[in-house]
2 protein chains.
Amino acid sequence: MRKPAARIRLADAAFVLFDERGYERTTVDDIAERAGVGRTTFFRHYRSKEAVIFPDHDRLLELIRDRLATSSDSTALVAVSDAVRLVLLHYIDEGDLARRRYALTSKVPALRDREIASVARYQRLFREFIADWMGDPTEAASLRAELMAAAVVAAHNHVLRRWLRGESADPVAEVDEAMREVLALFPAPQSPKGRDDEGTTLVAFRTSQDLDALLPSLRRLIEDSR
Amino acid sequence: MRKPAARIRLADAAFVLFDERGYERTTVDDIAERAGVGRTTFFRHYRSKEAVIFPDHDRLLELIRDRLATSSDSTALVAVSDAVRLVLLHYIDEGDLARRRYALTSKVPALRDREIASVARYQRLFREFIADWMGDPTEAASLRAELMAAAVVAAHNHVLRRWLRGESADPVAEVDEAMREVLALFPAPQSPKGRDDEGTTLVAFRTSQDLDALLPSLRRLIEDSR
DNA sequence: TTATAGACGGTACTCAGTACCGCTCGGTGG
DNA sequence: CCACCGAGCGGTACTGAGTACCGTCTATAA
């Protein structure tokens, strides 16, 4: 092991200084000096001042991509859930670091925007994957892929932020539950081939009536819509 | 009318130069010079180089906020749909300008990120409004508000981008249809008082099986979930 | 020992954004 | 007619992020 120490020292120095003086009032020179390296070295390790806070978004993107890539038609939704869980676990592994980053992104608009932009890249990945999986090139399917990806990412962020705020004891269970809820929102996987315009379509509703009391009108509806 | 000409001339100059040389290769000095004003004047009219592309996101935010504010409990979802339509109409009014902006944001990552950050602010507005409307402070409700807001915004963006790409002849009709689809995803407004945990709950699905073939499993599901 | 590649530090530059100052023009009241 | 005043503008100078380039040091291989 040669000396990847500089990279770590820079990140440490950055977080400490951001805590002490705030983000804007800390210059790259300050960080480099505190880490005991030159300014040039900072930019060798991190593309920008913001990047020192989000070191491995690219790696996370690859993680998602890889997990989604290894899935068949029938396991697509499982892959989505897995990928989401993977991302969550990544943050949990970071532990306190993730929480310090959250404290920063909550206060500094520039960092918040950067975080949001990163999330949008995850969402894009999911959207493309889901659209591809649905195979259906129609406008309706395209919209549904968009909605699904948005919901998946929103659910993840919701649980993640709860954990970051210390409001969740078992975030993995929560995200699994949230994903079930999200996927339940959307019509089932729909048989890949032989789309059935025949058959039976039900709409969702909730009623206090008994099922048997509903059956006649149900049959009438189905009959009418054929 | 005094002379708001400078502001417009600056925007025009910016778009022309961005088209000609690209965004990064155009400096604020270039824009100011072409508009025939000083560099200082540019920053008097626009907070940043990026802002010249997105002049009125703040106004749009106010537009949404206002529309949402003037709604009762029973018209909340209508207000959401209206607000979304308002935003879409704003872009449509811009016409060619919106399309030029789209061309830029498609090419320049920095501008794309900025756009995404703005959209996130809309989404936040919707999320807070929906959560407030639901009134329910439980975690499940909070998640549902998050999902709904994400879906609403995703639907809007989907239709907007279609129109920007020239793929939609009647974007207003499309966004109305998309909003109906989004709102249909989520359980009905739920009766304010006397929630019925009794009764019958159906989930939405589509199948090629006949209704009669499904009835046994349906009854079993209902029985199990009581 | 020499050669080479990689990591580093330093200098100098561009450009976005901020702070400040001083000018001019178009009223307005005396 | 004049003195005043505030708004809009241009210019200068500064900070700080990010880039380009160059010379140096060191470890490892030949």
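All values below were derived from every heavy atom in this structure, side-chain atoms included, with hydrogens, water molecules and symmetry-related copies excluded. Per chain, numbering begins at 1; letters A, B, ... match sequence-line order.
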Do the side chain of B:Ser71 and the main chain of B:Leu68 share a donor and acceptor less than 3.5 angstrom apart?
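Flag set: sc B:Ser71 to bb B:Leu68 pair under 3.5 Å.
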Strictly distance-based, threshold 3.5 Å: is any side-chain N or O of A:Arg127 a donor or acceptor partner for the main-chain N or O of A:Ala149?
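Pair absent, no side-chain N/O of A:Arg127 close to backbone of A:Ala149.
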Which residues satisfy the side chain to side chain contact (heavy atoms under 4.5 Å, CB included) test with A:Glu139, sequence neighbours excluded?
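By the side chain to side chain contact (heavy atoms under 4.5 Å, CB included) rule, A:Glu139 matches A:Ser142, A:Leu143, B:His158, B:Arg162, B:Glu174.
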Sequence neighbours left out, what passes side chain to side chain contact (heavy atoms under 4.5 Å, CB included) with B:Arg59? Give chain and number order.
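For B:Arg59, the residues satisfying side chain to side chain contact (heavy atoms under 4.5 Å, CB included) (neighbours in sequence not counted) are B:Asp56, B:His90.
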Protein-nucleotide distance ([X], atom [atom1]; [N], atom [atom2]), rounded to Å:
X: B:Lys49; N: C:dC15; atom1: NZ; atom2: P; answer: 9 Å
X: B:Leu10; N: D:dG8; atom1: CG; atom2: P; answer: 15 Å
X: B:Arg9; N: D:dG10; atom1: CZ; atom2: C1'; answer: 14 Å

Given B:Tyr102, which of B:Lys107, B:Glu115, B:Arg161, B:Arg165 fulfils the side chain to side chain donor-acceptor pair (under 3.5 Å) condition?
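Answer after filtering B:Lys107, B:Glu115, B:Arg161, B:Arg165: B:Arg165.
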Is the centre of the A:Tyr122 ring less than 6.0 Å from the centre of the A:Phe126 ring?
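For A:Tyr122 and A:Phe126, the ring centres are not under 6.0 Å apart.
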Using a strict threshold of under 4.0 Å (side-chain N to carboxylate O), is an ion pair present between [Y] and [X]?
X: B:Arg144; Y: B:Asp136; answer: no
X: A:Asp113; Y: B:Arg114; answer: no
X: A:Arg85; Y: A:Asp82; answer: yes

B:His45 side-chain N/O to D:dG8 phosphate OP1/OP2 under 4.0 Å
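So the side-chain polar atoms of B:His45 never come under 4.0 Å of the phosphate oxygens OP1 or OP2 of D:dG8.
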For atom CD of B:Glu33, is the number of surrounding heavy atoms from other residues, nucleotides or ligands below 6.0 Å larger than 12?
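For B:Glu33, atom CD is not crowded (no more than 12 foreign heavy atoms under 6.0 Å).
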Stretch residues 24-34 of chain B: residues that reach within less than 4.0 Å of DNA chain D through a heavy atom:
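None - not one residue of the stretch has a heavy atom sitting under 4.0 Å from the strand.
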Residues within residues 102-116 of chain B bordering DNA chain C, heavy-atom distance below 4.0 Å:
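Contacting residues: none.
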Provide a list of protein-nucleic acid N or O atom pairs under 3.5 angstrom, restricted to nucleotides 18-27 of chain C.
{"residue": "C:dT18", "atom": "O4", "partner": "B:Arg39", "partner atom": "NH2", "Å": "3.4"}

Kindly confirm or rule out a cation-pi arrangement of B:Arg7 over B:Tyr46, judged by NZ or CZ under 6.0 Å from the six-membered ring centre and within 45° of its axis?
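Pair B:Arg7/B:Tyr46 counts as cation-pi.
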Is any side-chain heavy atom of A:Val52 closer than 4.5 Å to a side-chain heavy atom of A:Phe18?
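In contact.
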Rounded to the nearest 0.5 Å, what's the gap from CZ on B:Arg65 to CG on B:Leu63? Could you check?
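Rounded to the nearest 0.5 Å, the CZ-CG separation comes out at 11.0 Å.
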Angle between the end axes of the helix from C:dT1-D:dA30 to C:dG30-D:dC1, five pairs per end, to the nearest 10 degrees?
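That helix has its two terminal axes inclined by roughly 10°.
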